[in-house]
Amino acid sequence: MVVGLEYEAYEPMVQSEFTKLCADVRGRWPSVAHICVHHRLGSVSVGEASVAMAISSPHRHDGQRAIQHCITQLKANIPIWKKEVYDTQETSWKENSECSWSGHSKLHTENTNVE
C-alpha cells in the first residue's frame with residue numbers, strides 16, 4: 001500500500017519549463033489574465049495535493065480549457081520525478097504515462113509498433 005510520495009526536480013529547469021508552459025497557455029487563450037502553478041517537491045502524504053493551479057479568465061470556458069491543457073502539459077513536459085513509498089518502506093519510481101519518453105505513452109507505442 002502506498003503511504004507517501006516523494007517528488008524531486010532540477011528546479012532551474014522546472015522554472016524554465018513552467019515559463020514556457022505559461023507562454024503556451026497565453027498564446028492559446030489570449031483572454032487569460034493570470035496563471036499560478038505550483039508543484040510540491042519533497043515528501044507528500046497520500047491524500048494531500050501535489051499540484052495547485054489557478055487560471056483566471058473573463059470567460060469560464062477559456063479558463064477551464066486552459067487549466068486542462070496546463071495540467072496535461074505539466075505532466076507530459078515538466079521534469080518532476082515521483083517516487084512512491086510503500087508501507088513496507090520499499091520505494092518505486094513512477095513515470096507519467098503522458099510523457100513522450102514513457103514506456104506507456106501513446107506516442108511511444110505508436111512509434112515502436114512496426115509490422
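This chain uses plain numbering: 1 for the first residue, then up along the sequence.
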Determine which pairs satisfy ring-ring contact (aromatic ring centres under 6.0 Å, His included) with at least one residue from residues 17-43, sequence neighbours left out, and list them in order. Y7-H39, W29-H69
Test N77 against L21 for side-chain contact (heavy atoms from CB on, under 4.5 Å), laying out the working first. CA-CA 9 Å; N77 299 314; L21 177 56; over 6 Å; no
In chain order, what residues pass the side-chain contact (heavy atoms from CB on, under 4.5 Å) check against A23, with sequence neighbours excluded? none
Tell me the closest heavy-atom pair linking A66 and V25, and the distance in Å. CB-CG1, 3.9 Å
Are I80 and L41 close enough, and set up right, to give a side-chain contact (heavy atoms from CB on, under 4.5 Å), and what steps lead you there? CA-CA 8 Å; I80 297 174; L41 298 178; 4.1 Å; yes
Correct closest heavy-atom pair for V44 and A49 would be CG1-O, 4.1 Å
T72 vs K75, test: side-chain contact (heavy atoms from CB on, under 4.5 Å). Steps then yes/no. CA-CA 5 Å; T72 299; K75 292 178 81 171; over 6 Å; no
Can you see which heavy atom on E84 is nearest to which on L5, and at what distance? CG-CD2, 3.7 Å
Run the salt-bridge test on R28 and D24 with the 4.0 Å N-O cut-off and return the result as yes or no. yes
Closest approach of W81 to Y10 (non-hydrogen atoms, all atoms of both residues): CZ3-N, 3.7 Å
Closest approach of E6 and S43, non-hydrogen atoms and distance? CG-OG, 3.9 Å
Closest approach of S31 to S57 (non-hydrogen atoms, all atoms of both residues): OG-OG, 3.2 Å
What residues form a side-chain contact (heavy atoms from CB on, under 4.5 Å) with S92, not counting sequence neighbours? Y86, K94
